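Each remark here refers to the structure printed beneath this line.
Residue numbers begin at 1 in each chain, while the letters A, B, ... track the order of the sequences. Since this is a predicted model, take the numbers as computed values, not measurements.
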Amino acid sequence: MKEKFNIILFCALLLALGVLIVFVPADERVEELEHRKLNKLPALNLQTALNGEFSKQFEGFITDQVGYRTDLIMFSKNIENAYGVEIKDAPVVVITGDRQVNPGERPNEQPVQWDGRDPGALSTPAANEAVGSKDDDSGELAESDDDAEPGEPEEDDELGSGQSGLYDSQDDIYTPMRDVEPIQAGPVLAFSDRLMELYGYLSSACIRYAEVVESYAKALEGKARVFSIIPPTAIEFVDDRYKTLSDSEYNAIQIVYSRLELAIPVDSYSVMQAHSDEYIYFRTDHHWTALGAYYTYYAYCTAAGITPVTIDNYDSYRIPGFLGYLYSVHPTAELKNNPDTIVYYELKEPLETSNKLIYKPGEGGGTTYSIFIGGDRDKYEIKTSVGNGRTCIILKDSYGNAFVPWLAPNYETIIVIDPRHFSGSTVNIALQYDDVDFIIMNNVFIPGSGGMNSALEKIR
Amino acid sequence: MVFSSLTFLCLFLPVFLLVYNISGKLTYKNIVLVLFSLFFYAWGEPIWILALLASGTTDYICGRVIDKHSNGKGRKIALVASLIINLGLLGTFKYSGFIIENINALLGTSIKEPAFNLPLGISFYTFQTLSYTIDMYRGEIRVQKSFLSFMCYVSMFPQLVAGPIVRYSEVEKEVYNRKVTLKGFSEGVTRFSIGLAKKTLLANPAGAAAAMLLSDASKLTATTAWLGAFLYGYQVYFDFSGYSDMAIGIGKMIGFTFPENFNYPFECRSVTDFWRRWHISLSSFFRDYLYIPLGGNKRFTARNIAIVWILTGIWHGAAWNYLYWGVYYGIFLLFERYVFGKALAKLPALFGRLYGFLAILGSWGIFFYPTAAERRMYYKAFFMIDTPLSSFLPESILMSHIWLIVVLVIAASSAPKRLYKYMCEFFPRLSLTEPFYAAGCILTSFLMLLGQTYNPFLYFRF
């Protein structure tokens with residue numbers, strides 16, 4: 001009797017789980033929560049079957065097909081939370097790995113779908129849905145001019161000293177890896193109100209990165225100035241007590257900068273440090289805020305001898321309710337109740353641009369970090385009405401996205417290139433223009449991991 | 001394919017059980033088992049199915065040859081052929097890279113290292129097929145004339161990729177005559193469910209924490225080193241014994257009885273005792289097919305122990321650290337045999353337990369770190385030489401895993417089982433709860449598999 005019941009229960013359970021995967025529709029909310037597209041059924045042909053590609057991606061597909069996945073994951077997070085006790089006011093080290101993301105697929109911002117010509121047609125399915133759904137409960141998503149406090153956007157935020165920031169994609173992070181843990185990715189330090197990813201670097205990767213940057217400077221010597229900007233991330237400015245968890249970003253940046261001869265280093269670190277008690281990093285995302293990018297823009301202008309257009313020439317707008325990528329790694333109720341606010345800035349005296357700098361909600365844009373120039377894409381060209389004949393070419397990871405809008409008043413042409421998606425020669429592009437400033441900007445995770453070195457070399 | 005995946009749990013296993021059970025005759029069942037096993041094996045890297053078939057075919061033929069030539073040269077040739085081909089496969093795929101690397105390092109040559117991945121489970125199935133031919137040679141088993149039945153034994157997916165190492169003699173009868181009873185199937189269900197829960201609920205989180213603590217050897221403090229080794233040891237135990245449980249469980253569901261592979265190893269009273277309780281099917285393989293033929297306890301004992309433990313070490317992976325790991329245990333075993341074994345037996349059991357546990361805890365640093373520099377840093381921290389006592393990381397991880405640690409310690413002991421049996425004597429109806437906890441294990445494991453980002457397969461190097 002007991003035996004029969006045991007067997008029946010077991011079989012029924014397996015059947016139910018099978019049904020949950022095969023017949024219950026996939027949980028679309030995953031796209032919003034984890035900032036990625038649902039994994040598709042991998043292509044099955046002789047080649048993918050034989051080289052193991054199919055089976056490798058199949059598990060990711062199956063996992064995404066589970067109905068109510070978001071709710072079920074919350075259950076499992078609760079189980080994991082029950083493994084220990086939380087100490088009041090002390091952060092927790094969250095051990096995390098890659099969420100079965102298909103190779104090449106980015107776990108963070110999906111680029112806005114773009115046909116290359118018509119910026120009006122831009123849309124991200126996930127982002128649009130987010131706009132729709134959130135409009136209903138908050139209605140605050142449109143430009144809330146009342147809140148706009150040009151110059152000091154963080155002051156009336158209830159967010160306190162927000163921090164959190166980071167690199168770009170999981171495969172760009174360096175974490176010391178063992179053979180036994182093929183999918184281990186960066187651990188996160190979780191305070192009750194903010195998350196930040198721990199940093200690690202390889203000296204050899206930093207040195208190689210410096211060499212690659214120098215090779216650009218050499219190729220463009222006499223033709224264009226080449227700048228290297230390496231913004232630090234949030235973990236760098238945390239209390240000393242927790243700094244032992246993470247490698248020094250300062251040291252990693254120094255390894256690169258000390259090796260630059262022709263290329264001009266930009267001291268993003270000092271300005272970010274000076275303003276580290278402001279809202280310069282998101283608390284639930286690995287990116288910096290537009291304000292953080294602004295301070296680095298200021299440092300860049302100083303290094304380049306350009307007159308910066310200061311923040312008091314801008315109006316600020318707020319998009320509340322942003323839960324970033326790190327939240328999907330460690331979703332807690334505290335964070336959900338206390339999400340980030342995206343602040344973006346627009347010139348009081350508008351500048352005409354051929355392509356958008358900000359993809360505003362309701363105007364085909366989203367409510368995530370992808371509002372800045374619409375997310376990562378291979379090449380994005382912006383012509384402005386500045387008319388000074390100057391050109392800026394910027395090779396960047398997603399940190400660059402929030403940085404680019406600040407450059408607009410200083411350049412007539414801005415060409416934004418993401419080395420991970422672009423193919424071609426960027427040096428050749430630069431040679432087509434006179435008076436070019438050539439920027440290579442990546443957050444400190446990129447040189448530390450060496451994750452973009454070969455991509456940067458390929459597109460020189 | 002691995003057991004702890006949704007593909008296996010929610011698709012492969014139910015479909016297999018269904019097709020297997022609606023196939024009537026045993027021959028059909030064996031065909032189904034072989035086909036599903038080949039699919040299971042081919043999932044991932046289909047090419048290596050050739051290595052599996054090569055090993056299986058070799059020993060099938062060798063067995064037939066030995067059977068035909070009950071005396072004389074033919075038997076020997078067949079045995080040697082099996083040894084050469086199986087160990088050759090293992091040597092080529094598993095050790096050639098390691099050997100060439102060391103030759104290059106030693107002689108300054110630059111021979112190119114082969115660039116292939118290790119075929120999954122090769123260390124398990126080559127040993128299994130070898131055991132068949134050796135047992136045939138020794139006249140301990142009867143020949144298997146049916147290629148299908150033989151492949152059924154060799155390729156059987158439950159134990160194919162992570163053990164236990166099942167000898168042909170142990171399943172000989174069941175290959176052609178087995179029955180699934182309600183009781184057997186039900187026991188299999190419970191056993192499988194517990195194994196899966198061990199892997200997903202205990203091993204993976206313990207392993208994630210251990211990796212977090214140990215991965216950067218330059219940042220270790222004493223507490224980090226100890227806690228890291230502690231969690232890592234439990235990860236390996238629950239991962240490995242969980243896999244064995246799942247294998248044994250699935251075996252029971254289809255009428256096979258596989259040997260037990262673990263017997264509460266952390267309750268050992270000496271290192272010798274530990275290896276009687278840990279990965280039993282491997283240590284008994286080395287005992288029966290290497291240690292005893294070499295002379296066992298009778299002659300050259302020290303030499304025999306040295307050989308067996310070097311090989312046991314390197315069986316775990318083609319790298320120096322695994323070899324050292326084996327040597328570490330070999331040294332303990334020699335000491336226990338020749339120096340303090342008898343004294344240890346006279347001391348209170350608690351002392352033996354403590355000694356055993358510490359000896360094992362001390363071994364993980366060798367197992368974990370592939371480079372000498374990392375191992376040096378690790379053991380400096382372990383023995384608190386020039387390293388701080390503690391830091392924020394281990395304290396944070398200790399607190400965020402404190403209940404897990406309590407559960408790990410209890411679950412690895414025989415206490416829950418003894419308590420359950422004891423209570424069942426007073427409340428016989430308690431055993432009726434079995435289906436519920438089995439189902440609970442499956443359900444929570446499913447949830448963990450969904451949310452878990454750390455779910456390694458530890459046996460890629462075996």
Side-chain angles (χ1 to χ4, degrees), chain A residues 2-7 9-11 13-15 17-18 20-21 49-52 55-56 58-59 62-63 66 69 72-77 79-80 82-87 90-93 95-100 175-185 187 200 241-242 244-245 329, chain B residues 1 5-7 9-11 13-14 17 43-47 182-183 185-186 189-190 193 201 205 207-209 211-212 215-216 219 368 370 391-393 396-397 399-404 431-432 434-436 438-439 442-444 446-458 460-461:
Chain A
K2 178 191 87 184
E3 282 83 12
K4 232 181 206 169
F5 184 55
N6 196 18
I7 295 166
L9 196 60
F10 176 72
C11 294
L13 205 53
L14 291 193
L15 198 69
L17 297 181
L20 193 62
I21 290 175
L50 284 183
N51 65 16
S55 51
K56 224 175 271 166
F58 188 77
E59 180 74 10
I62 282 296
T63 310
V66 175
R69 179 164 177 265
L72 296 174
I73 284 182
M74 279 317 229
F75 266 113
S76 75
K77 294 279 172 201
I79 297 174
E80 276 176 13
Y83 280 149
V85 291
E86 264 183 52
I87 307 168
V92 185
V93 177
I95 302 147
T96 174
D98 217 352
R99 267 262 169 76
Q100 288 173 338
T175 327
M177 282 215 206
R178 309 234 64 82
D179 289 307
V180 292
E181 32 160 299
I183 53 165
Q184 169 84 348
R241 179 166 151 72
Y242 312 119
T244 53
L245 295 172
V329 168
Chain B
M1 201 182 296
S5 68
L6 296 184
T7 311
L9 184 68
C10 305
L11 300 175
L13 185 61
L17 287 175
W43 188 261
E45 272 181 295
I47 183 80
L182 267 186
K183 189 165 178 287
F185 198 111
S186 165
V189 164
T190 308
S193 310
L201 281 170
M212 174 80 218
S215 58
D216 191 348
K219 289 207 184 103
F368 189 83
S391 57
F392 170 72
L393 181 67
S396 165
I397 294 219
M399 292 320 287
S400 61
H401 291 76
I402 192 81
W403 298 122
L404 175 69
S431 73
L432 293 178
E434 192 181 309
F436 295 103
I442 295 282
L443 212 55
T444 39
F446 172 78
L447 290 176
M448 296 306 280
L449 283 177
L450 259 188
Q452 230 156 33
T453 48
Y454 184 88
N455 185 10
F457 184 69
L458 292 178
F460 278 121
R461 313 208 76 191

Problem - Criterion side chain to side chain contact (heavy atoms under 4.5 Å, CB included) on B:Leu450 and A:Ser76, from CA distance to verdict - result: CA-CA 8 Å; B:Leu450 259 188; A:Ser76 75; 5.6 Å; no
Exercise for the section: Tell me, for B:Ser396 versus chain A, whether the close heavy atoms (under 4.5 Å) come from the side chain, the backbone, both or neither. Expected result: side chain
Practice task
Would you check if the side chain of B:Glu434 reaches a backbone N or O of A:Lys2 as a donor-acceptor pair within less than 3.5 Å?
Solution key: no
Problem - Portion of B:Ile397 that has a non-hydrogen atom of chain A nearer than 4.5 angstrom - result: side chain
Problem - Toward chain B, the part of A:Leu9 with a non-hydrogen atom under 4.5 Å - result: side chain
Exercise for the section: Indicate, with yes or no, if the rings of B:Phe446 and A:Phe75 have centres closer together than 6.0 Å. Expected result: no
Problem - A:Ile62/B:Leu11 under side chain to side chain contact (heavy atoms under 4.5 Å, CB included): CA gap, chis, key distance, verdict - result: CA-CA 10 Å; A:Ile62 282 296; B:Leu11 300 175; 3.5 Å; yes
Problem - Side-chain heavy-atom pair B:Leu201, A:Ile79 within 4.5 angstrom cut-off - result: yes
Handout entry: Student check: side-chain heavy atoms of B:Pro205 and A:Tyr83 closer than 4.5 Å
Key = yes
Exercise for the section: Decide side chain to side chain contact (heavy atoms under 4.5 Å, CB included) for A:Val85 and B:Trp403; before the verdict, give the C-alpha distance in whole Å, the side-chain angles of both, and the deciding distance to 0.1 Å. Expected result: CA-CA 8 Å; A:Val85 291; B:Trp403 298 122; 3.4 Å; yes
Fill in the blank from the handout: The salt bridge (Lys or Arg N to Asp or Glu O under 4.0 Å) partners of A:Glu3 (sequence neighbours excluded) come to none
Practice task
Please state whether the side chain, the backbone, both or neither of B:Ala438 comes within less than 4.5 Å of a heavy atom of chain A.
Solution key: side chain
Exercise for the section: List in chain and number order the residues that pass ring pair (Phe, Tyr, Trp, His ring centres under 6.0 Å) with A:Tyr242, two or more places apart in sequence or in another chain; answer none if no residue qualifies. Expected result: A:Phe191, B:Phe392
Problem - Value rounded to 0.5 Å, distance of OG in B:Ser186 from CZ in A:Phe5 - result: 11.0 Å
Exercise for the section: Could you look at B:Lys183 and say if it's the side chain, the backbone, both or neither that has a heavy atom under 4.5 Å from chain A? Expected result: both
Completion exercise
Residues B:Pro46 and A:Ala49: closest non-hydrogen pair is CG-O, 3.0 Å
Problem - Flag side-chain contact, heavy atom, 4.5 Å: A:Leu17 against B:Ile442 - result: yes
Handout entry: Heavy-atom side-chain contact between A:Leu14 and B:Leu9 under 4.5 Å
Key = yes
Problem - Among the listed options A:Asn51, A:Ile21, A:Leu50, the residue most often paired with chain B at heavy-atom distances under 4.5 Å - result: A:Leu50
Problem - Region of A:Leu15 in contact with chain B, defined by heavy-atom distances below 4.5 Å - result: neither
